[in-house]
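Everything on this sheet refers to the single structure shown next.
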Amino acid sequence: MSPSNFQQGRSGAQCVVDGLLNNGCEVLFGYPGGQAIDIFDKLYTSPLKLVLPRHEQGGIHMADGYARATGKVGCALVTSGPGATNAVTGLATAWMDGVPLVVISGQVGMGLIGTDAFQEADTTGITRSVTKHNFLVRSVDELPRIITEAFFIASTGKPGPVLIDIPKNVQQAYTTQPDVQDVSIRAYHPTILPPPEQVERLADAINKAHRPVLYVGGGAITSNSCALLRSLAETYDIPVCTTLMGLGAFPETSPLSLWMVGMHGSVAANNAIQQADLVIAAGARFDDRVTGRIADFAQGAKIAHIDVDASAIGKNVATHIPVCGDLRQTLEVLLPLLKRTDRSDWLALIAKWREAKPAVYFPRHDGKLQPQAVIEAIDRASQGKALVVTDVGQNQMWAAQFYRYTKPRSFLSSGGLGTMGFGVPGAIGAQLGHPEALVVSINGDGGFQMNIQELVVAVEHRLPVKFIVLNNSRLGMVRQWQDLFYGGRHSATILTQNNRPENERILDPEGGEEIYLPDFVKVGEAYGMKSRRIKTLAEAEQVLTEAFADPHPWLLEFIVAEDENVLPMVAPGAALSEMILATQD
């Protein structure tokens with residue numbers, strides 16, 4: 001700092017770096033640009049670990065994966081205009097799943113706002129609907145307070161992403177305002193302690209219930225309530241089903257586990273919900289993929305809903321016992337009020353349903369590698385100890401159905417928004433959060449290409465992520481819907497050379513075999529990682545064992561059958577009891 005600036009304090013750019021450090025940021029995912037260059041200049045000598053993604057969307061997903069894996073606030077930095085608009089999908093992904101992020105965007109100077117200046121965009125306007133809150137910083141003096149407020153808002157109540165848009169002149173201006181440690185925001189007082197009378201009502205309902213079910217969502221993981229939920233279930237004989245976001249909140253190896261509920265849920269979970277007399281929603285939001293046809297959802301049950309977000313209670317399903325409060329603190333109050341009840345008949349029925357397993361598949365006559373078998377092989381090779389990060393589509397659902405999750409934060413995926421392209425950068429962020437973990441990124445060949453450029457980040461930072469591609473040369477989930485509900489008309493879902501007539505397909509001039517387009521093995525090698533193509537289950541077992549033991553990133557492409565479906569399935573608009581089940585040919 002020059003002598004003339006010394007008396008003026010710190011620049012806005014320096015306030016940003018100091019604010020990130022003071023609020024616990026250790027890893028920052030950032031892509032530079034003209035309107036953020038002052039902040040990047042201060043990062044040059046900062047102790048923060050700066051990770052350069054190759055696209056802003058990838059950077060936000062990395063911060064998201066880091067936050068989901070660690071429980072900390074994920075942090076990202078982008079420039080103005082296209083830098084900020086490229087971040088929108090990542091913000092929306094985090095918003096839908098309640099992931100705490102603080103994203104800082106550069107902005108043109110205050111005097112240029114509204115003039116259509118180069119790389120100007122109304123970032124706060126564009127992101128208002130996909131953030132928990134956002135700020136346009138108008139004065140450098142308010143910047144230290146805003147940064148601390150952003151972390152507070154992102155991490156309290158129902159977590160979510162917060163964006164701070166900082167004009168260039170604010171970054172360059174100086175302030176003597178100190179960093180802020182504690183904040184109090186008028187009109188923002190997230191409910192933590194639940195109303196005692198509502199907890200007592202819930203306890204009374206549980207004590208009287210003969211067929212209760214715990215319906216557990218991602219809020220259980222976010223609130224660190226999993227140990228208490230396990231105590232509730234095991235002490236009082238209450239079976240547990242989870243949402244996609246709740247996978248790992250309750251061990252799926254437990255006899256009380258019903259596995260996942262909903263559209264691609266298990267027979268046990270869906271039957272239990274439909275025949276329960278009390279459904280206790282814990283940190284879940286009754287998403288349409290869970291409820292099926294709402295008019296037929298759990299018709300014989302009282303609905304109890306525990307959630308820190310008051311707006312979620314009663315939003316989708318009529319609630320008989322609303323409990324607004326932090327789930328962990330609610331359970332701490334609830335457990336001493338409960339009594340043991342004989343539920344042996346209910347548990348016997350649950351055990352009968354569990355015999356159907358979460359999902360099944362049958363051997364193929366053509367011998368093609370089945371994607372379900374690959375997921376089971378991953379489970380065996382990792383001994384069930386991997387941190388699984390998925391993309392979206394069939395690969396996501398097979399990973400949910402055929403891998404057994406036993407601890408929280410071991411399954412990460414885009415749930416509410418269903419964002420293709422999350423799997424690669426999300427896994428990189430998770431690995432940076434847990435350097436010692438075996439992180440396995442499971443992708444389809446469609447979503448894998450949406451942020452494929454981020455592979456280089458894993459190589460650059462020597463991250464031992466194992467990238468799995470289930471290549472069925474299809475946009476598989478949409479193809480499945482086309483087969484089931486649209487007369488098999490495969491509009492825009494057939495990838496690679498299958499779009500070409502037989503006589504026009506490109507062949508290897510040496511071997512005469514069809515060339516894979518793209519050739520994922522060559523792509524992985526071009527990015528600097530070990531890469532293999534696998535076509536048989538025996539080969540899969542061998543290569544997975546080798547890759548998982550190697551402290552380097554790998555890309556493993558599995559050529560799988562193109563027409564396998566994700567089953568069970570509840571068709572859109574159907575009830576949970578109307579499941580399409582797998583059958584043997």
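The basis for the numbers below is simple: all heavy atoms, side chains too, and nothing from hydrogens, waters or symmetry mates. Numbering of residues begins at 1 and proceeds along the displayed sequence.
Although no hydrogens or angles enter the test, the distance criterion places a donor-acceptor pair under 3.5 Å between the side chain of D391 and the main chain of G421. Without hydrogens or angle criteria, K466 side chain to A547 main chain gives a donor-acceptor distance under 3.5 Å. Formation of a donor-acceptor pair under 3.5 Å by the D97 side chain with backbone atoms of V99 is not found in this model. The backbone N or O of F286 lies less than 3.5 Å from a partner atom in the side chain of N316, making a donor-acceptor pair. Judged purely by atom type and a 3.5 angstrom limit, R409 uses its side chain to pair as donor or acceptor with the backbone of R68. T583 places no side-chain N or O within 3.5 Å of a backbone atom of L581 that could act as its donor or acceptor partner. Between the side chain of S413 and the backbone N or O of G415 there is no donor-acceptor pair closer than 3.5 Å. Remark: the backbone N or O of H55 is paired with a side-chain donor or acceptor of E454 at under 3.5 angstrom. The main-chain N or O of S491 is found under 3.5 Å from a side-chain atom of Q482 such that the two form a donor-acceptor pair.
The structure places CE of M397 at 11.5 Å from CD1 of I375, a figure rounded to the nearest 0.5 Å. Atom CG of residue L52 and atom CE of residue M62 lie 8.5 Å apart, to the nearest 0.5 angstrom. Rounding to the nearest 0.5 Å places CD of Q372 at 9.0 Å from CG of N565. Interatomic distance, OG of S441 versus CG of L455, reported as 8.5 Å (0.5 Å rounding). Rounded to the nearest 0.5 angstrom, L214 CG and T242 OG1 are separated by 11.5 Å.
Proximity of the aromatic rings of F402 and W398 is defined here by a centroid distance below 6.0 angstrom, and this criterion is not met. Residues Y403 and F411 keep their aromatic ring centres 6.0 Å or farther apart.
Using a 4.0 Å cut-off between a side-chain N of Lys or Arg and a carboxylate O of Asp or Glu, E460 and R54 qualify as a salt bridge. Between K368 and D563 there is no salt bridge, since none of the side-chain N atoms of the basic residue sits less than 4.0 Å from a carboxylate O of the acidic one. Ionic pairing of R289 and D287 is not present here: no N-O contact between side-chain nitrogen and carboxylate oxygen is shorter than 4.0 angstrom. Ion pairing of D307 with K158 is absent here, as no side-chain N (NZ or NE/NH1/NH2) approaches a carboxylate O to less than 4.0 Å.
A donor-acceptor contact under 3.5 angstrom links the side chains of Y361 and E376, judged on distance only.
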- Item | Evaluation steps, salt bridge (Lys or Arg N to Asp or Glu O under 4.0 Å), between E562 and R479 | CA-CA 9 Å; E562 67 279 357; R479 189 279 308 157; over 6 Å; no

- Test salt bridge (Lys or Arg N to Asp or Glu O under 4.0 Å) applied to R532 and E539, step by step: CA-CA 10 Å; R532 298 274 184 86; E539 189 183 4; over 6 Å; no

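The heavy-atom pair separating A67 from G74 by the smallest distance is CB-N, 3.7 Å.
Atom CZ of R230 is surrounded by 12 or fewer heavy atoms from other residues, nucleotides or ligands within 6.0 Å. For F362, the CZ atom sits in a packed shell: over 12 heavy atoms of surrounding residues, nucleotides or ligands are nearer than 6.0 Å.
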